[in-house]
Asks: 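Shown below is the structure under consideration.
Order of appearance sets the numbers: ligands from 1, and atoms from 1 within every ligand.
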Amino acid sequence: MSEPAARVFPTLEEASRALADEIARTLREAVAARSRATLVLSGGSTPRRLHEILASEHADLPWRRIHVFWGDERFVPHDCAQSNYRMAHRTLLDRVPIPPENVHPWATELPTAEDAALEFQAELERFFGCSAVAEGPPRFDVVLLGMGADGHIASLFPDSPALAVDNRWAIPTLAPDEPRERITMTLPVLNAARSVHFLVAGAEKREALRCGMGEPAQPQHCPASLVRPTDGTLTWWLDEEAAR
Ligand code: 6PG
């Protein structure tokens with residue numbers, strides 16, 4: 001992995017604008033090189049402005065060739081206020097000309113979180129044309145991640161056994177807060193990406209950022225420190241509040 005880069009901006013708005021430009025550039029490059037691009041969205045609230053800027057300033061992206069996935073999801077209906085799917089549709093996907101078949105949600109309508117994880121894994125194998133055993137994890141062009149104040153990323157929480165899973169690309173997990181049932185990509189998938197971008201803002205993230213960007217003695221306490229792309233770039237997009 002190349003050295004992680006940190007880019008600090010006065011505000012989340014400015015960090016979001018710069019990250020949107022970088023994502024747009026990377027997606028265009030991917031389409032030019034491989035005729036399609038793959039983008040993994042994160043959940044939570046931090047990426048809302050990033051999504052809105054992508055929709056308003058980059059509506060001319062080749063959306064017909066861009067496929068969107070989520071790094072994790074809450075196991076709730078897609079129309080639930082806590083759904084990452086719902087947030088992404090309201091702030092981005094309903095505002096750009098992306099074909100419905102290019103949007104790959106977690107199937108939270110299935111009976112259990114395990115069913116949704118198994119279906120998502122099957123979707124990844126169909127889309128990338130590879131099997132979990134034979135070819136290793138799929139390689140996404142852009143993975144967006146947020147980080148909780150406890151250092152969690154996607155729905156991989158501190159000291160969770162999920163952090164050690166390396167034979168599945170998608171698994172159910174339990175969050176410490178409601179909604180507790182989650183489904184998430186595993187670290188091997190996130191670390192297979194061509195580019196990983198953290199967008200982190202706010203003073204409450206400072207402590208987690210210090211260990212997430214460092215080499216903590218017990219990395220399982222801070223899942224963000226385990227995100228180190230094996231053959232890709234890692235960039236932290238920060239506001240001054242978080243980076244101070
Ligand atoms: C989720 C996210 C999660 C999020 C962090 C930060 O489903 O909630 O994937 O990992 O990125 O919890 O959330 P905020 O951006 O709301 O601080």
Side-chain angles (χ1 to χ4, degrees), residues 9 11-13 15-16 19-20 23 39-54 68-93 104-108 113 116-117 120 140 142-160 162-163 169-187 189-191 193 196-213 220-227 234-239 241-243:
F9 299 83
T11 63
L12 173 58
E13 175 74 16
S16 301
L19 178 50
I23 290 168
L39 169 62
V40 176
L41 299 177
S42 84
S45 56
T46 303
R48 296 182 67 93
R49 275 301 292 145
L50 169 64
H51 291 177
E52 290 166 350
I53 294 164
L54 280 172
V68 171
F69 303 76
W70 281 262
D72 72 317
E73 185 55 280
R74 294 81 181 277
F75 190 62
V76 296
H78 285 159
D79 60 0
C80 169
Q82 295 169 311
S83 164
N84 291 337
Y85 173 94
R86 179 176 181 270
M87 185 273 277
H89 268 274
R90 295 177 71 141
T91 56
L92 172 58
L93 301 175
H104 307 266
W106 295 83
T108 56
F120 194 75
F140 288 97
V142 177
V143 169
L144 284 176
L145 289 173
M147 184 186 68
D150 62 355
H152 83 258
I153 54 105
S155 285
L156 296 169
F157 295 93
D159 307 307
S160 165
L163 295 171
W169 301 345
I171 57 173
T173 62
L174 275 183
D177 310 313
E178 291 302 331
R180 298 211 54 213
E181 283 204 284
R182 309 287 181 97
I183 33 200
T184 186
M185 287 182 184
T186 54
L187 280 166
V189 178
L190 302 174
N191 283 328
V196 178
H197 299 277
F198 274 104
L199 181 61
V200 180
E204 73 278 9
K205 305 284 177 83
R206 254 177 230 161
E207 191 49 45
L209 196 58
R210 209 189 317 279
C211 74
M213 294 181 71
Q220 70 279 11
H221 293 348
C222 182
S225 69
L226 293 169
V227 177
L234 172 62
T235 311
W236 297 81
W237 303 77
L238 311 171
D239 75 348
E241 273 303 296

Asks: When you compare the side chain of His78 with that of Pro105, does any pair of heavy atoms fall below 4.5 Å?
Replies: yes

Asks: Who are the side-chain hydrogen bond (donor to acceptor under 3.5 Å, both in side chains) partners of Glu241, not counting sequence neighbours?
Replies: Arg206, Arg244

Asks: Keeping Asn191 on the side-chain end and Leu226 on the backbone end, is there a donor-acceptor pair under 3.5 Å?
Replies: yes

Asks: Determine the interplanar angle of the Phe120 and Phe69 rings, folded into 0 to 90°, and report it as parallel if under 30°, tilted if 30 to 60°, perpendicular if over 60°.
Replies: perpendicular

Asks: Measure up the Trp237 and Phe9 rings against each other and bin them: parallel (under 30°), tilted (30 to 60°), perpendicular (over 60°).
Replies: parallel

Asks: Check whether any side-chain heavy atom of Met185 sits under 4.5 Å from a side-chain heavy atom of Val143, and report yes or no.
Replies: no

Asks: Pairs of nitrogen or oxygen atoms, one from ligand 1 and one from the protein, closer than 3.5 Å: please tabulate them with distances.
Replies:
from     : atom 1 : to     : atom 2 : distance (Å)
ligand 1 : 7 (O)  : Asp72  : OD2    : 2.9
ligand 1 : 7 (O)  : Arg74  : NE     : 2.9
ligand 1 : 7 (O)  : Asn84  : ND2    : 3.0
ligand 1 : 8 (O)  : Arg74  : NH2    : 2.7
ligand 1 : 9 (O)  : Gly43  : N      : 3.3
ligand 1 : 9 (O)  : Asp72  : OD1    : 2.7
ligand 1 : 9 (O)  : Asp72  : OD2    : 3.1
ligand 1 : 10 (O) : His152 : NE2    : 3.4
ligand 1 : 10 (O) : Ala154 : N      : 3.3
ligand 1 : 10 (O) : Ala154 : O      : 2.7
ligand 1 : 12 (O) : His152 : NE2    : 2.7
ligand 1 : 15 (O) : Ser45  : N      : 3.3
ligand 1 : 15 (O) : Thr46  : N      : 2.9
ligand 1 : 15 (O) : Thr46  : OG1    : 2.6
ligand 1 : 16 (O) : Ser45  : N      : 2.8
ligand 1 : 16 (O) : Ser45  : OG     : 2.8
ligand 1 : 17 (O) : Lys205 : NZ     : 2.8

